[in-house]
Amino acid sequence: MGSTEVSTTCPYCGVGCGVRADVAPDGEASVRGDPGHPANRGKLCSKGSALGETIGLDGRLLHPEIDGRRTDWDAALDRVARRFQDTIAEHGPDSVAFYISGQLLTEDYYVANKLMKGFIGSANIDTNSRLCMASSVAGHRRAFGEDVVPGIYEDFDEADLVVLTGSNTAWCHPVLYQRLLAARKARGTRIVVIDPRRTATADECDLHLALDPGTDVLLFNGLLAHLARAGVLDRDYIAASTAGFDQAVALAAADAPGVEHVAKGCGLAPADIRFFYELFSVTERVVTVYSQGVNQSAHGTDKVNAIINCHLATGRIGRPGMGPFSVTGQPNAMGGREVGGLANQLAAHMNFDNGGDVDRVARFWNAPEIATRPGLKAVDMFRAVGEGKVKALWIMGTNPAVSMPDAGRVRGALKACDFVVVSDVTRTDTTRFADVLLPAAAWGEKDGMVTNSERRLSRQRPFLAMPGEVRPDWRIICDVAIRMGFGTAFDFVNPAAIFREHAALSAFENKGERLFDLGALADLSDEDYEAFQPRLWPARSRRQAGRLLGDGRFPTPDGRARFIAVRQEGVALAATSEYPLALNTGRLRDQWHTMTRTGAVPRLMANTPEPMVDLNPHDAAAYGLADGDLAHLSTRYGFSRARVRVTEAQRPGQAFLPMHWSGHFAANSGAGTLAAPITDPHSGQPELKNVPLRIMREEVAWAGVLITRRNLRPTGFVHWSRHAVAGGWVYELGGTETPDQGILLARGLLASPDHLVEYRDRKGLAYRAAAVDENGALAEALLVAQPGQLPARDWLVSLLGSRAQLTSADRHALLSGRSPAALPTTGRIVCSCFNVGVNQLADAVAAGCYSLEAIGRELGAGTNCGSCRSEIRTIIDAGRVQAAE
Ligand SMILES: Nc1nc2c(c(=O)[nH]1)N[C@H]1C(S)=C(S)[C@@H](COP(=O)(O)OP(=O)(O)OC[C@H]3O[C@@H](n4cnc5c(=O)[nH]c(N)nc54)[C@H](O)[C@@H]3O)O[C@H]1N2
Ligand SMILES: Nc1nc2c(c(=O)[nH]1)N[C@H]1C(S)=C(S)[C@@H](COP(=O)(O)OP(=O)(O)OC[C@H]3O[C@@H](n4cnc5c(=O)[nH]c(N)nc54)[C@H](O)[C@@H]3O)O[C@H]1N2
Ligand code: SF4
Ligand SMILES: [Mo]
């Protein structure tokens with residue numbers, strides 16, 4: 001392919017930014033924000049801007065494998081089809097399952113769903129959206145009758161109050177967050193952040209409510225009761241458009257009898273709650289944005305409905321600048337919900353429990369064997385795999401060995417399962433369990449549709465040739481379906497053909513009962529599909545859609561929305577003396593999930609190169625932990641290790657661990673291993689934000705660092721973690737053995753222990769070694785010392801990147817453990833768009849740059865995606881304090 005620019009969509013978060021990608025004739029790819037895309041108008045965040053650095057073929061799966069050995073596609077597809085057929089013949093359709101992903105494109109998702117529900121005849125297909133959006137889906141269905149997000153991004157521009165609850169928007173939906181900050185600048189939008197942690201999002205707000213974990217229902221019940229008491233209700237709207245108000249408000253008032261009661265239950269100051277309730281009361285244009293702090297909860301669905309209740313009571317839904325707004329996580333979380341990829345949905349917003357839907361879909365698909373009841377939801381599905389009830393499992397585009405709660409048990413289940421198929425683009429902790437491994441086409445190679453948080457359909461278009469033998473997911477699924485004998489239903493020639501059928505199904509016998517309707521797109525030609533411009537659904541006609549539900553009519557049988565009476569329940573698992581802390585897990589600014597793509601990009605690893613657990617100073621002191629110590633974390637499900645970061649952002653009694661680290665990046669630093677498989681009764685979504693935790697110091701006796709060009713997976717170490725740097729990798733090592741033994745163990749990682757310059761101190765407590773390549777440039781270096789005694793290594797890392805021939809001064813320095821010259825170290829990277837480190841920032845502040853603008857002018861930092869601005873502000877504040885002392 002040439003060097004023409006291709007318009008496509010970012011494969012990360014649900015903001016769904018448009019991307020222009022360009023491959024130069026020399027193969028170098030570059031990306032920039034698409035100024036014509038309505039979701040981002042040209043902007044990208046740190047992850048989006050680094051997309052060009054993620055498309056290398058390092059580590060890509062290029063050929064199918066059976067039992068770990070390379071094979072050809074025919075053999076692999078035959079094996080998958082035959083094993084699924086045999087298992088179904090012997091044990092019935094419910095003995096097989098698919099576990100898929102919100103990162104698949106709509107067409108992939110559609111054929112996977114059609115194959116399992118329509119033709120295999122089981123609904124055992126669930127997706128990682130179960131861990132992500134299921135509570136929002138259930139809450140929307142309870143309140144609105146259908147899984148509908150009423151708002152659009154313009155509501156962020158037009159609101160006067162934006163409540164961000166359980167959403168670290170600044171890091172997780174950065175471009176949308178910057179859009180909100182721009183609106184705040186222009187019109188003074190008030191922002192309230194509700195999050196137990198003081199996140200980067202809470203840095204810029206009028207009020208931060210650091211509520212106790214899991215107490216959102218009480219807070220919003222209190223709000224509903226307050227709205228009723230204060231007479232801030234839209235009585236006409238409640239009468240004309242809703243049902244169930246009296247019961248809901250009665251229960252809310254009983255649950256939250258007054259502000260003092262709410263304050264106590266949520267661990268908040270009464271004045272702060274009053275301020276929030278007052279702001280909500282007097283502001284008509286309110287958007288309440290929510291995400292995983294709401295969804296990933298044992299009471300997530302109730303949280304969603306407690307929020308929606310307040311919007312229904314004030315009639316603030318679907319009008320400019322108003323509404324509840326569940327932001328989606330993955331690039332195609334919304335598309336997956338459209339096709340019905342969850343085990344308890346059927347297809348195209350049709351359901352098992354809705355009379356006539358099963359028959360309707362069966363006729364449309366010509367699928368008499370269609371499933372007639374819901375299948376297993378993710379947590380139950382893996383339990384059934386472990387119990388041997390599900391005997392053949394196909395995993396596509398997700399890494400459950402890392403991301404599922406109780407991940408240790410999930411790995412055990414995968415190991416025990418008779419037949420596991422994995423479609424992925426790279427090796428992961430999950431692919432280790434694959435009997436058949438299928439190499440999928442990746443972003444940049446794939447072709448299809450995705451839908452973002454505001455229901456906007458956008459195209460992902462290829463701009464790279466497919467490497468090796470990879471194939472797109474839809475093709476792989478259809479090829480298996482054909483081999484299973486379902487040929488005529490899966491003889492699609494391209495994604496456009498699948499999309500047309502998906503659109504036609506959404507419009508099939510739909511006289512307005514289902515808002516999800518793409519009827520106007522059912523006859524798109526291949527050329528129209530190719531040229532498709534981003535547009536919102538519904539697409540019943542050619543006219544562009546906008547907000548939904550603003551007319552006060554809802555897709556329920558009587559056209560009314562439902563208030564849901566909810567009460568605050570206790571936490572799913574209470575702290576005990578053995579597990580006294582509450583562990584919260586979630587995301588970092590620059591990483592994507594299990595790091596299969598972002599983990600290989602040095603500038604995205606630079607901000608937080610190691611797995612860190614955040615602790616309040618009070619708890620750190622109580623457990624004898626200091627900043628930088630290695631901690632041993634355990635819950636009743638498993639254990640992990642991470643380095644302690646002491647921070648006031650964390651409230652006493654709570655800890656936060658990022659969800660990102662897998663076995664590819666650390667020995668044992670997973671969050672999934674610690675998380676509880678306890679689920680919300682309505683949505684089946686697991687509680688991933690609160691599990692009782694014990695934390696202890698890990699008594700390491702030695703620490704090491706290996707700086708190397710090689711991509712290794714160390715074994716036998718108590719702890720290791722690694723991060724990508726220019727030219728290679730840095731491995732942090734540590735153990736409880738004596739330093740002597742530690743040195744022996746660490747030396748085993750060196751490529752050629754015989755061609756080294758080495759130094760060992762006489763007491764055997766410190767060791768330094770380096771190996772050079774045939775050109776005299778540094779190939780690897782190993783430093784071992786007692787904990788806290790490791791020499792600085794920035795200069796060695798830069799030597800690895802520069803590939804310059806070592807001077808004799810360098811060699812001397814290597815052995816003395818001191819940098820040859822006072823090297824200006826950038827320090828830990830804060831701004832990953834411009835690669836600006838904490839030391840440079842501190843220097844600039846010392847030189848008088850006291851504002852974000854001044855820093856931006858001086859260093860560029862913070863002027864692109866903006867997601868580092870809160871951290872820069874902290875550095876400015878610290879610098880000013882120092883200057884004043
Ligand atoms: N950088 C980055 N961005 C991403 C992703 C990524 O991996 N990296 N992933 C994408 C995906 S799939 C998703 S789902 C989204 C998730 O986006 P977010 O939901 O914004 O991210 P999280 O960090 O999971 O959790 C959000 C916040 O919920 C808070 N929280 C925990 N418990 C409670 C509670 O009881 N009540 C309230 N009100 N808040 C609570 C946490 O402290 C956390 O700050 O991000 C998307 N964007
Ligand atoms: N403790 C804890 N656990 C969590 C969460 C949390 O907050 N805390 N959040 C949960 C949430 S919201 C989510 S969304 C999940 C995410 O968890 P996962 O879905 O497990 O995370 P990813 O790392 O994004 O996995 C995607 C996989 O798909 C592969 N892939 C990429 N593109 C393609 C493609 O085109 N085709 C195929 N076949 N494969 C592809 C990638 O290489 C990668 O292995 O984690 C959940 N788990
Ligand atoms: S905000 Fe960032 S990660 Fe999300 S779609 Fe836009 S560029 Fe991609
Ligand atoms: Mo997610």
Side-chain angles (χ1 to χ4, degrees), residues 9-19 31 33 37 39-40 43-51 59-61 99-105 108 127-134 171-179 291-293 295-296 328-331 333 378 395-405 407 422-431 438-446 448 450 452-453 460 470-473 476 583-587 591-599 657-660 662 664 670-676 685-689 691 865 867:
T9 313
C10 175
Y12 298 126
C13 84
V15 177
C17 296
V19 170
V31 301
H37 199 290
N40 58 318
K43 293 204 160 39
L44 293 178
C45 75
S46 57
K47 295 180 299 301
S49 347
L51 272 169
R60 270 297 291 277
L61 292 172
Y99 182 60
I100 67 175
S101 164
Q103 292 168 75
L104 294 177
L105 306 183
D108 306 326
T127 114
N128 60 1
S129 282
R130 182 69 59 196
L131 316 181
C132 183
M133 307 310 309
W171 282 6
C172 296
H173 297 89
V175 168
L176 198 53
Y177 181 71
Q178 292 303 323
R179 182 166 175 167
S291 184
Q292 300 317 337
N295 292 337
Q296 286 172 344
T328 53
Q330 300 176 89
I395 297 166
M396 310 175 202
T398 174
N399 192 0
V402 182
S403 57
M404 280 289 292
V422 181
S423 305
D424 205 298
V425 304
T426 183
R427 281 182 209 283
T428 69
D429 288 8
T430 300
T431 60
L438 303 174
W443 182 79
E445 302 150 14
K446 297 191 74 163
V450 292
N452 73 2
S453 294
Q460 269 196 19
V470 308
R471 292 186 182 175
D473 290 290
I476 301 172
L583 177 68
N584 176 2
T585 60
R587 290 155 175 80
Q591 291 304 333
W592 178 257
H593 294 169
T594 69
M595 294 165 59
T596 56
R597 288 170 287 183
T598 46
L657 183 71
M659 64 168 290
H660 304 295
S662 70
H664 276 247
T673 316
L674 299 170
Q685 179 156 356
E687 169 68 73
L688 294 170
K689 297 295 189 233
V691 59
C865 79
S867 45

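Both ligands and their constituent atoms are indexed starting at 1 by order of listing. Position 1 is the first residue of the sequence, and the numbers go up from there.
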Notebook entry, point to check: Does ligand 2 have any atom that is closer than 4.0 Å to a heavy atom of P11?
Noted result: no
Margin query: Using a 4.0 Å cut-off to any heavy atom of T428, which atoms of ligand 2 qualify?
Written below: 44 (O)
Next item on the list: State, yes or no, whether a side-chain contact exists between L61 and V470 at a heavy-atom distance under 4.5 Å.
Entry: no
Next item on the list: Start with the C-alpha gap between M133 and T328, add the side-chain angles, then the distance that decides, and say whether side chain to side chain contact (heavy atoms under 4.5 Å, CB included) holds.
Entry: CA-CA 7 Å; M133 307 310 309; T328 53; 4.0 Å; yes
Next item on the list: State the atoms of ligand 2, each with its element, that fall below the 4.0 Å cut-off from a heavy-atom position in S423.
Entry: 37 (C), 38 (N), 39 (N)
Check: Taking non-hydrogen atoms only, is K689 closer than 4.0 angstrom to ligand 2 via side chain, backbone, both or neither?
Finding: side chain
Item checked: Identity and separation of the nearest protein heavy atom to atom 29 (C) of ligand 2 -> D424 OD1, 3.2 Å
Next item on the list: Give the contacting part of T596 toward ligand 2: side chain, backbone, both or neither, where contact means a heavy-atom distance below 4.0 Å.
Entry: side chain
Check: Hey, which atoms in ligand 3 end up nearer than 4.0 Å to a heavy atom of Y12?
Finding: 3 (S)
Notebook entry, point to check: Does an N or O anywhere in Q330 fall below 3.5 Å from an N or O of ligand 2?
Noted result: no
Margin query: Within ligand 3, which atoms have a heavy atom of V175 less than 4.0 Å away?
Written below: 1 (S), 6 (Fe)
Check: If you measure every N/O of K446 against every N/O of ligand 2, is any gap under 3.5 Å?
Finding: yes
Check: Is Q330 close to S129 at the side-chain level, that is, under 4.5 Å between some pair of heavy atoms?
Finding: yes
Notebook entry, point to check: Which of the atoms in ligand 2, numbered in the order shown and given with their element, are less than 4.0 Å from a heavy-atom of W592?
Noted result: 24 (O)
Notebook entry, point to check: Which residue owns the protein heavy atom closest to atom 23 (O) of ligand 2, what's the atom, and how far is it?
Noted result: T594 OG1, 2.6 Å
Notebook entry, point to check: Which bit of D108 gets closer than 4.0 Å to ligand 2, counting heavy atoms only: side chain, backbone, both or neither?
Noted result: neither
Notebook entry, point to check: Would you say W443 contacts ligand 2, with heavy atoms under 4.0 Å as the rule?
Noted result: no
Notebook entry, point to check: Taking all atoms of both residues into account, what is the closest heavy-atom pair of Y12 and G48, and its distance?
Noted result: CD1-N, 4.4 Å
Check: For atom 36 (N) of ligand 2, which candidate among D429, N295, L105, D473 holds the nearest heavy atom?
Finding: D473
Next item on the list: Test N128 against S403 for side chain to side chain contact (heavy atoms under 4.5 Å, CB included), laying out the working first.
Entry: CA-CA 9 Å; N128 60 1; S403 57; 5.7 Å; no
Item checked: Options G586, G672, S403, S291, ranked by nearest heavy atom to atom 3 (N) of ligand 2, top entry -> S403
Margin query: As an exercise, identify every atom of ligand 2 less than 4.0 angstrom from a heavy atom of A440.
Written below: 36 (N), 37 (C), 38 (N)
Notebook entry, point to check: Can you find a heavy atom in the side chain of L131 that is under 4.5 Å from one in the side chain of P405?
Noted result: yes
Check: H664 versus M595: any side-chain heavy-atom pair under 4.5 Å?
Finding: no
Next item on the list: Would you name the heavy atoms of H37 and G16 that are closest together and state the gap between them?
Entry: CE1-O, 3.4 Å
Next item on the list: Considering the heavy atoms of P174, write down every atom of ligand 3 situated less than 4.0 Å from one of them.
Entry: 1 (S)
Item checked: atom 26 (C) of ligand 2: nearest protein contact (heavy atom, Å) -> G397 O, 3.3 Å
Margin query: Using side-chain heavy atoms (C-beta onward) and a distance below 4.5 Å, is R597 in contact with P11?
Written below: yes
Check: Does C17 bring an N, O or S atom to under 2.8 Å of atom 8 (Fe) of ligand 3?
Finding: no
Notebook entry, point to check: Under the side chain to side chain contact (heavy atoms under 4.5 Å, CB included) criterion, do N452 and V15 qualify, and how do the steps go?
Noted result: CA-CA 6 Å; N452 73 2; V15 177; 5.9 Å; no
Check: Any side-chain heavy atom of P400 within less than 4.5 Å of one from I395?
Finding: yes
Checklist line | Side chain proximity check, L104 to M396, heavy atoms < 4.5 angstrom | finding: yes
Note to self: At less than 4.0 angstrom from any non-hydrogen atom of K47, what atoms of ligand 3 do you find?
What the structure shows: 3 (S)
Next item on the list: For the pair E687 (side chain) and K689 (backbone), establish whether a donor and an acceptor sit closer than 3.5 Å, ignoring hydrogens and angles.
Entry: yes
Next item on the list: Would you check whether L44 reaches within less than 4.0 Å of ligand 3, judged by its heavy atoms?
Entry: yes
Next item on the list: Confirm or rule out an N/O/S atom of C13, from backbone or side chain, lying less than 2.8 Å from atom 4 (Fe) of ligand 3.
Entry: yes
Notebook entry, point to check: Any luck finding a side-chain donor-acceptor pair between Q460 and K446 under 3.5 Å?
Noted result: no
Check: Is the shortest distance from a heavy atom of V402 to ligand 2 less than 4.0 Å?
Finding: no
Next item on the list: Starting from atom 32 (N) of ligand 2, locate the nearest protein heavy atom and write down its residue, its atom name and how far away it is, to 0.1 Å.
Entry: V425 CG1, 4.0 Å
Check: In terms of atom number and element, which parts of ligand 3 are under 4.0 angstrom from non-hydrogen atoms of C10?
Finding: 3 (S), 5 (S), 7 (S), 8 (Fe)
Check: Between A441 and ligand 2, is there a nitrogen or oxygen pair with a distance under 3.5 Å?
Finding: yes
Notebook entry, point to check: For ligand 2, which atoms have a heavy atom of C132 less than 4.0 angstrom away?
Noted result: 12 (S), 14 (S)
Notebook entry, point to check: Within the structure, does T398 bring an N/O atom to less than 3.5 angstrom of an N/O atom in ligand 2?
Noted result: yes
Item checked: Residue and atom name of the nearest protein heavy atom (relative to atom 19 (O) of ligand 2), distance in Å to one decimal -> N128 ND2, 2.7 Å
Next item on the list: Quick one: look at L131 and ligand 2, take heavy-atom pairs under 4.0 Å, and tell me if it's side chain, backbone, both or neither.
Entry: both
Margin query: Would M133 count as a contact residue for ligand 2, given that I'm defining contact as a non-hydrogen atom of the residue lying under 4.0 Å from a ligand atom?
Written below: no
Next item on the list: Report the residue from H660, R587, Q103 that forms a side chain to side chain contact (heavy atoms under 4.5 Å, CB included) with W592.
Entry: Q103
Checklist line | atom 2 (C) of ligand 2 - nearest protein heavy atom and its distance | finding: T585 OG1, 3.4 Å
Notebook entry, point to check: Nearest to atom 16 (C) of ligand 2, what protein heavy atom do you find, and at what distance?
Noted result: H593 ND1, 3.4 Å
Notebook entry, point to check: Is it true that R587 lies under 4.0 Å from ligand 2, counting heavy atoms only?
Noted result: yes
Note to self: Need the ligand 2 atom indices (1-based, order shown) with element for anything under 4.0 Å from a heavy-atom of T426.
What the structure shows: 42 (O)
Item checked: Taking atom 6 (C) of ligand 2 as the reference point, the nearest protein heavy atom with its distance -> Q296 NE2, 3.7 Å
Notebook entry, point to check: Which pair of non-hydrogen atoms, one from S291 and one from H173, has the smallest distance, and what is that distance?
Noted result: OG-CE1, 4.2 Å
Next item on the list: Please tell me if the side chains of T430 and D424 come closer than 4.5 Å, counting only heavy atoms from C-beta onward.
Entry: no
Notebook entry, point to check: Backbone or side chain, does any N or O of Q103 fall under 3.5 Å from an N or O of ligand 2?
Noted result: yes
Item checked: A671 neighbourhood, listing ligand 2 atoms whose heavy-atom distance to it stays under 4.0 Å -> 1 (N)
Checklist line | 2.8 Å cut-off met by an N, O or S atom of C865 to atom 2 (Fe) of ligand 3 | finding: no
